[in-house]
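For reference, the structure discussed in these notes is given below.
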Amino acid sequence: PTQVSTAMVMNEQTIRLFRPDLENPTVDDMAVISQMMHVLPAPWVDPIDVSNAVLFLASDESRYITGATLPVDAGALIR
């Protein structure tokens, strides 16, 4: 539901989609627009954050969690 800092998002084509107003946009230029999509002060989510959520759901710590979503999206869904 949000941008994750992987090659799928952090590439020249995606950066240009976020900043068509700039001739040679950078990741930092993209971060300004990406941040606007989140409630938390983060332009994107790190892959480790997604991995940690998966690890939690696969662990015994989540044994009573059923049929619920766990958005790891820096608040994008509530924006």
Side-chain angles (χ1 to χ4, degrees):
T2 191
Q3 299 78 257
V4 179
S5 181
T6 65
M8 188 171 150
V9 172
M10 300 303 188
N11 61 66
E12 186 177 342
Q13 293 81 10
T14 303
I15 293 169
R16 287 184 182 281
L17 284 173
F18 273 76
R19 294 306 304 260
D21 57 313
L22 300 176
E23 187 173 334
N24 295 305
T26 65
V27 170
D28 291 335
D29 297 323
M30 176 183 159
V32 174
I33 302 301
S34 185
Q35 168 62 58
M36 292 180 193
M37 298 177 183
H38 301 130
V39 173
L40 298 177
W44 40 74
V45 175
D46 291 324
I48 191 69
D49 298 313
V50 177
S51 298
N52 285 338
V54 171
L55 182 62
F56 167 72
L57 290 172
S59 75
D60 288 339
E61 299 299 319
S62 68
R63 67 186 175 270
Y64 296 118
I65 297 175
T66 60
T69 59
L70 179 63
V72 181
D73 66 357
L77 289 177
I78 60 172
R79 184 53 116 188

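Quantities reported herein were computed from a predicted structural model and do not represent experimental measurements.
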Identify which one of Gln13, Glu12, Arg19 satisfies the side chain to side chain contact (heavy atoms under 4.5 Å, CB included) criterion when paired with Arg16.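 Result for side chain to side chain contact (heavy atoms under 4.5 Å, CB included) with Arg16: Glu12.
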Side chain to side chain contact (heavy atoms under 4.5 Å, CB included) partner of Ser5, chosen from Asp49, Val50, Asp46: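 For Ser5, the side chain to side chain contact (heavy atoms under 4.5 Å, CB included) test succeeds with only one of Asp49, Val50, Asp46, which is Asp46.
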Spell out, as yes or no, whether a donor-acceptor pair under 3.5 Å connects the side chain of Ser34 to the backbone of Ala31.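 A pair under 3.5 Å: no.
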Checking Gln35 side chain against Leu40 main chain: does a donor-acceptor pair fall under 3.5 Å?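 Such a contact is found between Gln35 side chain and Leu40 backbone.
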Exercise: identify the closest heavy-atom pair between [X] and [Y]:
X	Y	value
Gly75	Val39	O-CG2, 3.3 Å
Pro1	Ala76	O-CB, 3.8 Å
Thr2	Val72	CG2-O, 3.9 Å
Leu70	Phe56	CD2-CD2, 4.4 Å
Trp44	Gln3	CB-O, 3.3 Å

With the side chain counted from C-beta on, respond yes when Ile15 and Asp29 share a heavy-atom pair under 4.5 Å apart, and no when they do not.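 They are not in side-chain contact.
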Flag the pair Val45 / His38 as yes when at least one side-chain heavy-atom distance between them is below 4.5 Å, and no otherwise.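 They are not in contact (no side-chain heavy atoms under 4.5 Å apart), so the answer is no.
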Determine whether Met37 and Val4 fall in the same hydrophobic cluster, where Ile, Leu, Val, Met, Phe, Trp and Tyr are linked whenever their side-chain heavy atoms lie under 4.5 Å apart.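 As far as the 4.5 Å side-chain criterion goes, Val4 and Met37 are not connected within one cluster.
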So if you build clusters from Ile, Leu, Val, Met, Phe, Trp, Tyr with side-chain heavy-atom gaps below 4.5 Å, do Met36 and Phe18 land together?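 Both belong to a single hydrophobic cluster.
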Which value, rounded to the nearest 0.5 Å, describes the distance between Met30 atom CE and Asn11 atom CG?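 Result: 8.0 Å between the selected atoms.
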